[in-house]
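The sequence lines fix the lettering, A, B, ..., with proteins before strands; numbering per chain opens at 1.
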2 protein chains.
Amino acid sequence: MEKYGSGHPPEEITSRANPRIKAAAALLKSNERKKTGRFLTEGARLCGDAVKSGVTVEEFFSTDGAKEKYSDVFALVSGAAKRTFIISPDVAEKLSDTRSTQEMFCVCPDSASLTESDIKADGFYVMTENVQNPDNLGAVVRSAEALGADGLIVFSGCDIRSPKALRASMGGLLRFPVIKTSDCASLIERAKKNGMKIFATVASGDAADISKADKSGGCICIIGNEGAGISAEMLALCTHKITIPMLGKAESLNAAAAAAITVWEFMKERGKKANVAN
Amino acid sequence: MEKYGSGHPPEEITSRANPRIKAAAALLKSNERKKTGRFLTEGARLCGDAVKSGVTVEEFFSTDGAKEKYSDVFALVSGAAKRTFIISPDVAEKLSDTRSTQEMFCVCPDSASLTESDIKADGFYVMTENVQNPDNLGAVVRSAEALGADGLIVFSGCDIRSPKALRASMGGLLRFPVIKTSDCASLIERAKKNGMKIFATVASGDAADISKADKSGGCICIIGNEGAGISAEMLALCTHKITIPMLGKAESLNAAAAAAITVWEFMKERGKKANVAN
């Protein structure tokens, strides 16, 4: 007999008007996530990642088709979830944020994985200021995780529980240490007192070539908004300015590419033993 | 009086069934582009880029609203186009590949910007093998252009005139030297005879750390398919294998991030004077 977190087989839900479905679907909106402190993951990959990352799963929704197709994930998530529900494909449509849904969803409480006091004074952290595009935020996390950064600090901008950002991060936003802060000035001042360097990545001007800058020791590297860059207030808090020199004539790098190069330049100098998995 | 390429004011088209509109809309499909040797650009930015990049514009379509909103681009493109047509918003919808169209389109002949004989033996070229995702192909071109590579060689995979790839490249696919090849073995053998190194970027194994490899002199660096990587046939043609060491535990870099780091590593060693524009 199948085993479920609650010990008894799942209920079925076939109505899109079911209050539980309406509440879960509302989590596709940022303000509802903010209000309730919960978020929704979609797809076999992200539902499995939530459980593997130790995220609490309050409700798990799956169609019978998804249960069969992703049976391993179904077993994993239904074993961990507080409640499991079998939903109809029609209901799955209502919960979906994608063109072609995998018909599996988790409702999870949004607990921050890291707090400010977890910041290691000798670590390397990426901090985003007002990055708006969820694909960009997700790409920054994915690069930071793959290249071995110690965590991400998010100040303003895109919601880290946005379905798009979760997908673009390939689940990294569930696994990777993330701090949300609304008071970056205090956070940065404390980091500076602990001897950390604060780098602003900027477009040009008097900034040092990123490959030549001294990136040793504890560092926080700030990546600014896609259009406006780093704010003047934030710039004033930084101890160093760096830039990626562009040899080409015409265009700039996109935000995700610039972030990848930036994290790479910091991490490759940090003397960890490289693990060549790619 | 306004000046048009043809010397007389534009015709109006208000029917989605107009044969010219049907022919242009068909270019949204890859097989139609292949059959006719023409492609479609959408949006003020890409239509302007086509003209600035010296691409022939056979037909230019714009609504009155777009003509007013992007008057500079309208003047530029209508001055260069062989024929200009004012279309209704309804017709613009039919030509559009985007959620929110800017209602400006060009039909252009697809002439390759670079041929194999233009490859400089001391240059740096990125070669993609069977990259399928147009966003990835566009991102590779954008990074290659921004960082100053000498050109892109495309072997198999996504159509370089795909509307998505054009957008993701920010017009780079119109401006940047691109060679399409169906016989990469001959191309690579000739490059090797000219003293060029051929690098395969691979996931792991016996590959050298990209930051430590000798990347001097003429180089072609191959980026493989998103899932399958570089084919065994292609690998056998390469003279060097390199990898981006991952310090993180969980995930891999996405294709665009890996390409950005790869191009960056090659370009920053090439001793050109850096232009710090970003």
A:Leu253 side, atom CG; B:Glu145 side, atom CD - distance, nearest 0.5 Å: 10.5 Å
Side chain to side chain, B:Ile210 and A:Trp264, heavy atoms closer than 4.5 Å: yes
Within 6.0 angstrom of B:Lys94 NZ, more than 12 heavy atoms from elsewhere: yes
Spacing of A:Asn254 atom CG and B:Ser169 atom OG [to the nearest 0.5 Å]: 11.0 Å
Audit row: A:Glu265, B:Lys268, side chain to side chain contact (heavy atoms under 4.5 Å, CB included) steps and yes/no: CA-CA 12 Å; A:Glu265 279 291 327; B:Lys268 75 174 177 176; 2.5 Å; yes
Worked verdict on A:Leu147 versus B:Ile261 for side chain to side chain contact (heavy atoms under 4.5 Å, CB included): CA-CA 11 Å; A:Leu147 295 169; B:Ile261 292 170; 4.0 Å; yes
A:Lys197, NZ: over 12 other non-hydrogen atoms inside 6.0 angstrom: yes
